[in-house]
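Please read the structure below before turning to the comments.
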Amino acid sequence: MKFQIEDVTVYFPYDNIYPEQYAYMVELKRALDAKGHCLLEMPTGTGKTIALLSLITSYALSKPSNPIKFIYCTRTVHEMEKTLSELKLLHNYQLQHLGPAAKILALGLSSRKNLCINPTVVSAENRDSVDAACRKLTASWVRELAAENPRIPTCSFFENYEKSASEAILPPGVYTLQDLRAYGKLKGWCPYFLARHMVQLANVVVYSYQYLLDPKVAGIISKEMQRESVVVFDEAHNIDNVCIEALSVSVRMQTLEGATRNINRMSQEIDRFKATDAGRLRAEYNRLVEGLALRGDLPASDAWLANPALPNDILKEAVPGNIRRAEHFLSVLRRLVQYIRGRLQTENVEKEGPVAFVASVNTQAGIDQKMLRFCYDRLHSLMLTLEISDTDEFLHIQTICDFATLVGTYTRGFSIIIEPFDERMPHIPDPVLQLCCHDASLAIKPVFERFQSVVITSGTLSPIDLYPRLLNFNPVVSRSFTMSLTRDCICPMVLTRGSDQLPVSTKYDLRSDPGVEKNYGKLLLEMVSVVPDGIVCFFVSYSYMDGIVNSWHETGLLKEIMQHKLVFIETQDVVETTLALDNYRKACDCGRGAVFFSVARGKVAEGIDFDRHYGRLVIMFGVPFQYTLSRILLARLEYLRDTFQIKEGDFLTFDALRQAAQCVGRVIRSKADYGMMIFADKRYSRHDKRSKLPGWILSHLRDAHLNLSTDMAAHIAREGIKEEGSQMIIKVAVLDLSIACDST
Amino acid sequence: MMNRDINGEGRKFNRGEEEEEEDEDEESGRGRDAWERTYADERSWESLQEDESGLLRPIDNKALHHAQYRRRLRTATTAGIQKGLIRYLYIVIDLSRAAGEMDYKPSRMVVVARQVEAFIREFFDQNPLSQIGLVTLKDGVAQCLTDLGGSPESHIKALMGKLECSGDSSLQNGLDLVHDLLNQIPSYGHREVLILYSALSTCDPGDIMETIQKCKSAKIRCSIIGLSAELYICKYLCQETGGLYSVALDEPHLKELVLEHAPPPPAIAEFAIANLIKMGFPQRAAEGVISICSCHKEAKFGGGYTCPRCKARVCELPTECRICGLTLVSSPHLARSYHHLFPITPFDDVSPSITNIPHKLPKSCFGCQQSLLNPGNLPGPWVACPKCKQHFCLDCDIYIHESLHNCPGCESFKQSNSVTNMEV
């Protein structure tokens, strides 16, 4: 359908539109008009992605004189593919209505692991080794050598791509990663390099958060994106954590050992070069004298995305004299590694700010702040000079240099925490030095400054006023939409008491109480006997889950549960968890029924959907607070309080509730679905906790369901699930209110 | 219809309130809840209204019911569709542990048995040429309770004698058994399974998906009525095999759902090729003759029928002759099946605007000759046959479509004009 929002004609590929999608588009349009940032919350399953895509592309089409670029950031490759296939649908629709004028180029960009089509390279097991394998075939020095000696292997796809040079472009259209690979195979061009090249020219780019937020990657990929861009972060409820992770580094003993190995290897290489090709080292030296900014690959114009790890003023400075020579730089690194090793030998937990740390490095290792700051770039330059192509071997030294650069650059918003052992296992020495970023706004600041509009959207952004404070920006629009439903397809309940009327909670003093454990078990037992197909349970942590499952096993509860449904458990091992998930799905498919035990904040809670029969009920056992004794968390809380005036309690509750909402939100992925949600903890009935849940859950939470005991919940579940199931079969397709806008 | 929807809403709301009350006085226990609910659900006080003289009388729901009935009729009657008249239906009854649950009073299996009994009678009434067999699921295995047969009594007797539940249920075993049994029937028969499923899961020995594909390729139409909740595998099975899946909310709803399966379903396309079936019309044996019947293999006195081909004696019709394999029916059976193929077109509502022209309209129903006017000489709702333009009252409308299967108006019209066999 086609309709008008103010002066923009919106092309929407479906015949019906939900009222909330329309409202969403109107708000988004306002933000684009105002060239400002916005924050929009809309529940999953209401077609958020298609609303976003169709409004922004239509907006771009309506302003042909001033084309805007559209950058869409997703969290996972799977979401990327989904987004692109929706965009394809939309694009076809627009072509139908507008003809060739609507032609755009849209593509996804991912790592080599997902794009490479060279069979020898892509067979490597992880991302880093694929990257390294690719470099071994495509680095400039390898190709030079290969030109002389044809026995040195190169990548034919890359060679073809290079040969066709300026001809190697993608015709307009929408390309998923799959399509890119297919096109690459057809033409014999390397899809990865083709995509990287085309990103600059494309109208729509879909890629992962890291390409914008991680300063190291952003510098390479996103620096040339134009200012007139709309950046969308989808599923952005965890964006502050992503930002923080992008700027945090942790160094362990293994890292240091690896770094020492790397340094030794580099010094051998240097010796080798000295003997054979001393001119090259000298050339590098001269380049460094002239300063990083004049080096070809770092243009000094302000047109590129500012790298938060490298403030602009660095670029204008020359690399300090004492690390210009390769062997001097190596000895600096050696001293730094030695110093960190010394610090890791401590027996106490230590915490200090970057300033103190830099001062102590200076006095003990003789490395000043400026040298630290340049470490990252100096290392890169050196690795290029030394023609090192197996970069996956050099991750350790890169980590050290990352750390050095960050600690040398920032004086605020970070802290360095050294822990001699894991809090939970005090007998095993496992020293770790962590550089933790506390300020999510640091990583995202360049994005906000650089681009015209940034849209942050997710199904759970409540309370919506906290995000601008955490990320330190001023949204022109921030709104939360609810779901318009013809029936109650979700049924949230708060369970506060067990069948014996004793309160249940995972509060510290109650969590190991056998009574509480028994009540939780009884709850699950009741539920498996009334709910069909799949049930998902979320626990607050792995250790709590292990404990409670153990105790259920000992009391025989687990056996009773297994009579009704099979039980699968998420573990920290990815392969094991994937296997468990597969079998869980199988058990749901074939009618045996299954329960999946998972952990809030785990991999499953973040990325896996339990829609339709895979999740008819989700039980959240307890409130998933973060581990409050963690020093990193304490340091962050302190920083938030001092800098942004966010109270510790507020932040912890906010963080716990967004996780809980995220977990229970896994069961509803579309309006034609239905599912029940049980919040099993007495604390959920308190207003300060409950009110932080997203609006679309709250609006279905009836007062009568706020304070239930096990048998009442079972009764409601029994009736509800039966009624829903019976209705669902009758009207599989839910009719929607469509806005009759067939203007023009 | 609107009204009914609102009622439905009300019912739901009411439940919510009830729960709230429960919250307040839990001591009074859940036992009270059950009897309370029956009254609360019916909301009998709402179906009363006060008339002019201040007397309470039930609301006239006739028009409402009629509208509902007509809607059903319209969706069901699609003339010209080929229908499977010779059906071989297995009813699979889940007697696993879950069937013992008491959410239906007195228990699920008793309620199911009751509905199956009513269904069997209705089924043979509507499909006299068809046969039914019973299968039970219990302790993880499927058991054939009765073989395919045309006698309602024997099925009902067998079912009522076997009402006990235990163990898990296995959908796959049930389907496998039914598949094996239905494989033997002649190709002109329509193979169907109706499963009444109480359990929330199925414990299968192998891959149920294979079994489903097997049923699909054997053209077995599987329908399921769930008693507890929507199960994915059931939905999938029904989708694949072209059956109906529904979940019952309570006993009246269950009854409605079960009876939906009584009229013959549209024929599966692959079977739609017309083929001739040899049938025998046996004579009723003379009273007082003693002969050995071929079905029970014992001497019977009087009654019974004689196969026209091999002269063997059978006790009941319709059946298949045990000796020569001929299908034995009686002519009323054929006649009763016949109407499914040529349903009467739904009658049109006579809208009040037309009723304002009084001189053209008859004052009484063509069927029952009762006055069509409501007390007070106001025109009430009635219907007219689109072919013969005769007017009927609502009761006659239902009677003609459900039982008579002939329009009296059209029939008399035909006779008077000596046009025979115009339509059929």
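Within every chain, numbering begins at 1; the chains are lettered A, B, ... in the order of the sequence lines, protein sequences first and strands thereafter. Atom set for the values below is all heavy atoms of this structure, side chains included, hydrogens, waters and symmetry mates excluded.
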inquiry  = Under 4.5 Å from any heavy atom of chain A, what part of B:A98 do you find: side chain, backbone, both or neither?
reply    = neither
query = Tell me, do A:L558 and A:V549 make a side-chain contact under 4.5 Å, heavy atoms counted?
reply = yes
note = From the list A:F539, A:F538, A:Y520, ring-ring contact (aromatic ring centres under 6.0 Å, His included) with A:F597 holds only for A:F539
key: Pairs of heavy atoms under 4.5 Å with chain A: top-ranked of B:L227, B:I212, B:I233   = B:I233
message = Hydrogens and angles aside, do B:S96 and B:D168 bring a side-chain donor and acceptor to less than 3.5 Å of each other?
response = no
message = If I measure from the heavy atoms of chain A, does B:S228 come under 4.5 Å with its side chain, its backbone, both, or neither?
response = backbone
key: B:L231, part contacting chain A, at a heavy-atom distance under 4.5 Å   = both
ask   = Quick one: does A:R666's side chain have a donor or acceptor within less than 3.5 Å of a partner on A:I608's backbone?
value = yes
note = Looking only at heavy atoms, the pair that brings A:N519 and A:S499 closest together is OD1-N, 3.6 Å
key: Contact origin within B:Y232 toward chain A - heavy atom pairs under 4.5 Å   = both
Under 4.5 Å from a heavy atom of chain A, the part of B:Q172 involved = neither
query = Closest approach of B:C215 and B:C222, non-hydrogen atoms and distance?
reply = CB-SG, 4.5 Å
request  = Go through the atoms of B:D103 and report whether side chain, backbone, both or neither lie under 4.5 Å from a heavy atom of chain A.
outcome  = side chain
